[in-house]
Amino acid sequence: MSLKSLLMPAITQHWLSRDRLLAQRARAERRRLASAAPHVLHYFHQVDDPYSALVAQILPQLLARYQIDLQAHVVGAPADDAAPERDKLVAYSRKDAALLARHWQLDYTDPGRQPDAETCALAQRLLVSAIANGRFAAVAGTVSQALWADASALAHPALPGGTLAPASAAQSNAHLADANRLRARLGHYLGATFHYAGEWYWGLDRLHHLEQRLQDLGAQCPGVTGAMFPPDTDLAMATPAPIGRTINFFLSLRSPYTAIVTPRVFRLAQLTGAEVRLCYVLPMAMRGFPVPREKRMYITLDVAREAHVRGIPFGRLNDPLGKPTERGMALIPLAQRIGRAQHYLESFMRGVWSEGLDAGSDRGLRTIAERAGLSWPHAQAALHDEGWRANAETHRAEMFALGLWGVPSLRVGDTAVWGQDRLWAVQQSLLAP
């Protein structure tokens, strides 16, 4: 066992602990109070990002709920290393934003294409001008809706508060450059993101974490409770789905988001009577897509918050990149043959993501395998069978054909979604007549 494998679980257990996060928040609040500063919330808006279009619509409501100083910034798209398979990402973002809009009764329809560069530049210039005039939150929703639904309206937009002269191209470019640098310095790479006192929150999906934090600080306006976009509630009682429904579960053993959704997927299948088809793939980093540091940092911290909300153990981890993942995947076909796939997958995810087991060692993998009901001699033999590689490539090709590229992804019938926070859409599809 390497020194890294020995030290990583203890280090990550501390770094990702809830106590550490709360202490960090308390220090930030003490600094704010000491300087008599307001609650400053930074928002980073990407004009051609559908998720930003959704956030733009709810900014007036957010400002009406909290005593905050909103500082808006117009940013560009993420860098190539933070957006692998960019074409798939862009197309899926439109589809997913339309799904969210229907779910939350917001205004966004996927037009089937991105707005053109000239129109995006005009929208940027309008929003940069709005920031300078203190009107960003009031007009961002209208500008975004025009950009996506009727680009010609941007020439003479009917904006709240009256007309607004666009900033010059030079002013807009300078603003974007400064905003991109600020976003990178604070540690993120996406649009539709909020930054408050050292912590990041992405889009509508993470706004509930921000709202809870502001409410804990007493920053809410009188009468405000709950969240505008609360996390979905998992199915709690047996509700049979129509016969023959299958959850196609695209997963990676190295994905922390996969780790925290795995028990939820199997629980949903149990309550609905659906079958789970495991579609395991190699991690992106083992498929030639290295993940930049700021992305890794944000993802890990975000997963810890999401796991806390769901009551799922997470944080004492031993990153299974490379050999540990390959060894883990080699045992999946064995677990499937003997009817122990669910037990094995849950054991592996729990072991490497919350117990710090080293799946690259015989000791760690044996613990994972045996408690899931796999014979260690049979597991040792399975480690020499490379057949899982062809299966993983087949699953990857199937996932790409759905317009997806990352994990966890799930498909039920015609519904194909990416992310552990879209299990509600899977549930709806499962139970539809």
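The figures here come from the full heavy-atom set of this structure, side chains too, leaving out hydrogens, waters and symmetry mates. Throughout, numbering of the chain's residues begins at 1 and tracks the sequence.
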Problem set entry | Euclidean distance, Leu154 CG relative to Thr142 OG1, rounded to 0.5 Å | 10.5 Å

Problem set entry | Check against side chain to side chain contact (heavy atoms under 4.5 Å, CB included), Tyr51 and Leu190 | CA-CA 10 Å; Tyr51 300 112; Leu190 291 175; over 6 Å; no

Problem set entry | Phe250 and Trp405: CA distance, side-chain angles, deciding distance, ring-ring contact (aromatic ring centres under 6.0 Å, His included) verdict | CA-CA 10 Å; Phe250 296 90; Trp405 69 101; over 10 Å; no

For this session: State whether Asp216 and Arg25 are salt-bridged, where the test is any N-O pair (Lys NZ or Arg NE/NH1/NH2 against Asp/Glu carboxylate O) under 4.0 Å.
Result: no

For this session: Could you go through the side-chain hydrogen bond (donor to acceptor under 3.5 Å, both in side chains) check for Tyr108 and Gln145 one step at a time?
Result: CA-CA 7 Å; Tyr108 179 84; Gln145 288 171 336; over 6 Å; no

For this session: Before accepting this row, confirm whether a basic side-chain N of the pair Asp421/Arg310 lies closer than 4.0 Å to the acidic partner's carboxylate O.
Result: no

For this session: Apply side-chain hydrogen bond (donor to acceptor under 3.5 Å, both in side chains) to the pair Gln171 and Asn173, showing each step before the final yes or no.
Result: CA-CA 6 Å; Gln171 291 170 327; Asn173 291 338; over 6 Å; no

Problem set entry | Trace of the side-chain hydrogen bond (donor to acceptor under 3.5 Å, both in side chains) decision for Ser152 with Asp150 | CA-CA 5 Å; Ser152 64; Asp150 182 11; 2.6 Å; yes

Exercise. Salt bridge or not for Arg371 and Glu355, using N-O below 4.0 Å?
Worked result: yes

For this session: Please report the C-alpha distance between Tyr280 and His395 in whole Å, then the side-chain angles of each, then the deciding distance to 0.1 Å, and finally whether the ring-ring contact (aromatic ring centres under 6.0 Å, His included) criterion is met.
Result: CA-CA 6 Å; Tyr280 48 90; His395 299 151; 4.9 Å; yes

Problem set entry | Aromatic ring proximity His188/Tyr298, centre distance under 6.0 Å | yes

Seminar exercise, completed: Paired with Phe229, the ring-ring contact (aromatic ring centres under 6.0 Å, His included) test is passed by just one of Trp424, Trp104, Trp202, Tyr201, namely Trp104

Exercise. Is the ring centre of Trp353 less than 6.0 Å from the ring centre of Tyr257?
Worked result: no

For this session: May I ask you to decide if the ring planes of Phe44 and His73 are parallel, tilted or perpendicular, using 30° and 60° as cut-offs?
Result: parallel

For this session: Tell me whether the guanidinium CZ or amine NZ of Arg94 lies under 6.0 angstrom from the six-membered ring centre of Tyr92 and within 45° of its axis.
Result: no

